[in-house]
Q: 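Please find one structure pasted underneath; my questions will follow.
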Amino acid sequence: MKNRLLVLLGPTGVGKTALSLSLAKRFATVIVSSDARQVFREMKIGTAAPGEEELAAVPHYFIGNHSINEHYTAGKYELEALELLEKLFEQHKTILLVGGSGLYIDAVCNGIDDFPDTDLALRKNLMQHLETEGLDSLRFQLKQLDEATYQRIDLKNPQRILRALEVCIATGKPYSEWKTGVTKKRNFEIVKIGLTRPREELYTRINSRVIQMMNDGLLEEARKLYPYKGLTALKTVGYTELFDYFEGKTDLETAVQLIQQHSRNYAKKQLSYWARYKDIRWFEARFATCRKIV
RNA sequence: GGUGCCAUAGCUCAGUUGGUAGAGCAAAGGACUGAAAAUCCUUGUGUCCCUCGUUCGAUUCGUGGUGGCACCA
């Protein structure tokens, strides 16, 4: 019988962590996190990473195993996660993949294309270019280097254009030739479980969880990280708003309200990301128990 | 108590030389292959505070209210 990867996904604040613990116990297995921010050990409170008790109850992977100083990417995550899964499957028939980062989950389930490492210096250059010359100039460059991508991508999205360009320039090969979109075969079975809640309930939970984070010391955590605010990892809901507060751009109350608002927006965005996936079995978090799911 | 200013979308406000109105933010929906908690796109009908009047027609002008703000007593 094939090994099985049980994927538990859902928007922020829906209750993945709690359910994942009981599922892990039910299968006597471990949890592999699929969260693009919980991998950073410096950002515990603001990312609602599992706490000490939870980590002690079930072995977790990819929680705080990297530093914000690293340039971490979905590609690296795919490699590391697959290597880890291979080892873990030697001991467990079923493994839990739990998280809210759609792209990271896709990286494990379908794979993403093998691009060469990002050239950060080049990226910085291109960002400068964007500042001084404007988006049109980058668009024009992309049209020259990679017509296919130029036709396909969102030309109003600077990040997409920048990314395509940096690959073209760094490798001398069009981005569209790297990006095949081919689904990689996995030697394990994948079962996707989506957790959801009525919108209002989800939003209420998110709002109160933000208050809880503040009580748990988010302000202090953010203050410590403030000197590193330029890092990509810290472009994260819960930190950027408090950085604004430190800089006197908002008062604390407003900052907290914005964290709540942006967390709600994020949850909605996650839901629309998964809405197009046909292979997810959705469960109401209120009624989701191990027995029903398994 | 008097005088002046203001009252328009959930919020802040613009506007209509009188022909029932539009920005920003919020909100909702969407896209997504190494920054993904990122980045980007789409969506604006609301007793234009109430009353009476002038007018073919008033959210717009006038009278009187109500509420808010400011100044004078």
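Chain identifiers are assigned alphabetically (A, B, ...) following the order of the sequence lines, protein sequences preceding nucleic acid strands; residue numbering begins at 1 within each chain.
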Q: Sticking with atom C1', work out how far rC48(B) lies from rC6(B), rounded to a whole angstrom.
A: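 Those two atoms are separated by 14 Å.
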Q: For RNA chain B, what string of dots and brackets results from 5' to 3' when Watson-Crick and G-U pairs need both distances under 3.5 Å, crossing pairs get [ ], and pairs with another strand get |?
A: (((((((..((((.....[..)))).(((((.......))))).....((.((..]....)).))))))))).
Q: Do Arg152(A) and Asp146(A) meet the salt-bridge criterion of a basic N to acidic O distance under 4.0 Å?
A: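 Looking at Arg152(A) together with Asp146(A), the answer is no, because their closest N to O distance does not fall below 4.0 Å.
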Q: With the criterion being N/O to N/O and under 3.5 Å, what pairs connect the protein with nucleotides 39-43 of chain B, and how long is each?
A:
residue: rU39(B); atom: O4'; partner: Gln159(A); partner atom: OE1; Å: 3.2
residue: rU39(B); atom: O4'; partner: Gln159(A); partner atom: NE2; Å: 2.9
residue: rU39(B); atom: O2'; partner: Asn157(A); partner atom: OD1; Å: 2.2
residue: rU39(B); atom: O2'; partner: Asn157(A); partner atom: ND2; Å: 3.4
residue: rU39(B); atom: O2; partner: Asn157(A); partner atom: ND2; Å: 2.8
residue: rU39(B); atom: O4; partner: Lys269(A); partner atom: NZ; Å: 3.3
residue: rC40(B); atom: O4'; partner: Asn157(A); partner atom: ND2; Å: 3.1
residue: rC40(B); atom: O2'; partner: Asp154(A); partner atom: OD2; Å: 2.6

Q: When you measure from the side-chain N and O atoms of Arg163(A) to the phosphate of rG34(B), is any distance below 4.0 Å, counting only OP1 and OP2?
A: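 Arg163(A) to rG34(B) OP1/OP2: side-chain N or O found under 4.0 Å.
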Q: NA contact type, His262(A), heavy-atom cut-off 4.0 Å: base, sugar-phosphate, or nothing?
A: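 It contacts nothing in the nucleic acid.
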Q: Base, sugar-phosphate, or nothing for Asp119(A), non-hydrogen atoms under 4.0 angstrom?
A: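 It contacts nothing in the nucleic acid.
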Q: Given rA37(B), is OP1 or OP2 found less than 4.0 Å from the side-chain N or O atoms of Arg264(A)?
A: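 For rA37(B), neither OP1 nor OP2 has a side-chain N or O of Arg264(A) closer than 4.0 Å.
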Q: Kindly say if Thr232(A) contacts the phosphate of rA38(B), meaning a side-chain N or O under 4.0 Å from OP1 or OP2.
A: no
Q: Look at the side chain of Tyr203(A) and decide which nucleotide, out of rA28(B), rA31(B), rG34(B), has an atom nearest to it.
A: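 Given the options rA28(B), rA31(B), rG34(B), the side chain of Tyr203(A) is closest to rA28(B).
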Q: Ignoring backbone atoms, establish whether Tyr104(A) has a side-chain N or O less than 4.0 Å from OP1 or OP2 of rA36(B).
A: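 So the side chain of Tyr104(A) is within the cut-off, an N or O lying under 4.0 Å from OP1 or OP2 of rA36(B).
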Q: Test Ser20(A) against every option in Leu195(A), Val98(A), Leu6(A) by the side-chain contact (heavy atoms from CB on, under 4.5 Å) rule and name the one that passes.
A: Val98(A)
Q: Counting only side-chain N and O atoms of Thr47(A), is one of them less than 4.0 Å from OP1 or OP2 of rA37(B)?
A: no
Q: Using 4.0 Å as the upper bound for N to carboxylate O, is an ion pair formed by Arg223(A) and Glu220(A)?
A: yes
Q: Below the 4.0 Å mark, does rA37(B) have OP1 or OP2 next to a side-chain nitrogen or oxygen of Asn265(A)?
A: no
Q: Under 4.0 Å, counting only non-hydrogen atoms across every strand here, what does Thr236(A) touch: a base, just sugar-phosphate, or nothing?
A: base
Q: Restricting to pairs with a member in residues 155-164 of chain A, which pass side-chain hydrogen bond (donor to acceptor under 3.5 Å, both in side chains), not counting sequence neighbours?
A: Arg163(A)-Glu166(A)
Q: Checking contacts here: which listed nucleotide (rA37(B), rA35(B), rG30(B)) is nearest the side-chain heavy atoms of Ser101(A)?
A: rA37(B)
